[in-house]
S.K.: 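Pasting in a structure now, in structure tokens, and then I'll have a few things to ask.
Every number for a ligand or one of its atoms is a count from 1 in the order of the listing.
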Amino acid sequence: MIKKFQSSKMKPTDPCYCHSGLPYNECHLPIEKRLRDLSRIGVEVPKREMVKTKEQIEGIRKSAEINIAVLDYVTKNIKEGISTWEIDRWVTEITRDMGGIPAPLNYEGFPKSVCTSVNDQVCHGIPARNVILQPGDIINVDCSTIRDGYFSDSSRMFVIGETTPEKQRLVDVARECVYKGLEQVKPWNSIGDMAHAIKTHAKANGFSVVRDIGGHGCGLEFHEDPYVSYILRKGTGMVFIPGMCFTIEPMINMGTYRIFVDADNNWTVYTDDGKPSAQWEIQVLVTNTGAEIITY
Ligand code: MF3
Ligand code: CO
């Protein structure tokens, strides 16, 4: 059992519920006062449940250790001729050897330990023996780990051999989008500020941002609130406060933003126009001054 937060009424001088060690009135109390004011004028504000405690953050970091190690292994070993089924086997074995559980396995019926999305697959590709990586392919490997009940989530793109300049640029711009978004993550900025930075960079490069799928809070569960949209307008959406933990994972398409779900497996998402899609994912923690990268 993970204790989510201290729900009892707190006195201003009590230790803050985030377990920073500071008194409530020097930590999250002034933040909550400001949130109340913002909420009154219609701004979307986070619930206290979204603030991770010090212990929870430690747990999420330990989970992230595995997630990062798994993706580091994939980075070193992925190449032409490997099947996505083999990538699934690596992920399963390394995660278990390190004391974790692959979060995707059996998640809402997902059949494998990792998502592998090639070329025009946007996300949620299912590893298979007959999907063998070819020179010029671009592939997203999306790993998520449970360790001692805590969740971590991140993904990276890989280019198999050499690809076309246009696909290479898509991969590079998708990564840049994540870090443009990250620059906007700090207390009192909003999800829309982050989304705006991402969309502006994608558009400036002639690419589109997927509208129907976003990121998510992550830590005590695989997918928790808030839903993180990458298409909101600047200054809209939920504001950030210290202790929030969520993913930045915009899907960037070379052509249309439109997508569809594979009717045979009900999982794999494709671009409508068959043009390639790229995605990088990091998990971040909002700090007092900005954000810290938890997974990459
Ligand atoms: N890892 C994906 C994400 O970034 C979610 C995959 S759900 C699964 O949110 F079931 F397909 F694994
Ligand atoms: Co995610």
S.K.: Answer with yes or no whether K112 contacts ligand 1, where contact means a heavy atom under 4.0 Å from a ligand atom.
M.R.: no
S.K.: Taking only heavy atoms of S144 into account, list the atoms of ligand 1 that are under 4.0 Å away from them.
M.R.: 1 (N)
S.K.: Quick one: are I31 and P242 in side-chain contact, heavy atoms under 4.5 Å?
M.R.: yes
S.K.: Would you check if T295 and D153 make a side-chain contact, meaning some heavy-atom pair closer than 4.5 Å?
M.R.: no
S.K.: Within the side chain of S39, is there an N or O that forms a donor-acceptor pair under 3.5 Å with the backbone of L35?
M.R.: no
S.K.: For atom 12 (F) of ligand 1, what is the nearest protein heavy atom, given as residue, atom name and distance?
M.R.: P104 CB, 3.1 Å
S.K.: Return the closest protein heavy atom for atom 2 (C) of ligand 1 as residue, atom name and distance.
M.R.: D142 OD2, 3.3 Å
S.K.: By number and element, which atoms of ligand 1 are closer than 4.0 Å to a non-hydrogen atom of H216?
M.R.: 3 (C), 4 (O), 9 (O)
S.K.: Q283 versus I60: any side-chain heavy-atom pair under 4.5 Å?
M.R.: yes
S.K.: Using a 4.0 Å cutoff against the non-hydrogen atoms of E281, which atoms of ligand 1 qualify?
M.R.: 4 (O)
S.K.: Look at the rings of H223 and Y107 and say which category their plane angle falls in: under 30° parallel, 30 to 60° tilted, over 60° perpendicular.
M.R.: perpendicular
S.K.: Any cation-pi pair here, R48 with Y17, using under 6.0 Å and within 45°?
M.R.: yes
S.K.: Can you name the closest pair of heavy atoms from M98 and A69 and give their distance?
M.R.: SD-CB, 3.7 Å
S.K.: Can you pull out every salt bridge (Lys or Arg N to Asp or Glu O under 4.0 Å) where at least one residue sits in residues 170-191? Sequence neighbours excluded, please.
M.R.: none
S.K.: For E249, is the nearest heavy atom under 4.0 Å from an atom of ligand 1?
M.R.: yes
S.K.: Considering only heavy atoms, does E108 approach ligand 1 within less than 4.0 Å through its side chain, its backbone, both, or neither?
M.R.: neither
S.K.: Using a strict threshold of under 4.0 Å (side-chain N to carboxylate O), is an ion pair present between K52 and E58?
M.R.: no
S.K.: From atom 3 (C) of ligand 1, work out which of V228, D153, I126 has a heavy atom at the shortest distance.
M.R.: D153
S.K.: Does R156 make a cation-pi contact with W280 (under 6.0 Å, within 45 degrees of the axis)?
M.R.: no
S.K.: Keeping waters out of it, list the protein N, O or S atoms under 2.8 Å from the Co ion (ligand 2).
M.R.: D153 OD2, H216 NE2, E249 OE2, E281 OE2
S.K.: Give a yes or no on whether the backbone of T236 and the side-chain of H196 come within a donor-acceptor separation of less than 3.5 Å.
M.R.: no
S.K.: In terms of atom number and element, which parts of ligand 1 are under 4.0 angstrom from non-hydrogen atoms of W267?
M.R.: 8 (C), 10 (F), 11 (F)
S.K.: Give the atoms of ligand 1, by number and element, whose distance to some non-hydrogen atom of H124 is under 4.0 Å.
M.R.: 5 (C), 6 (C), 11 (F)
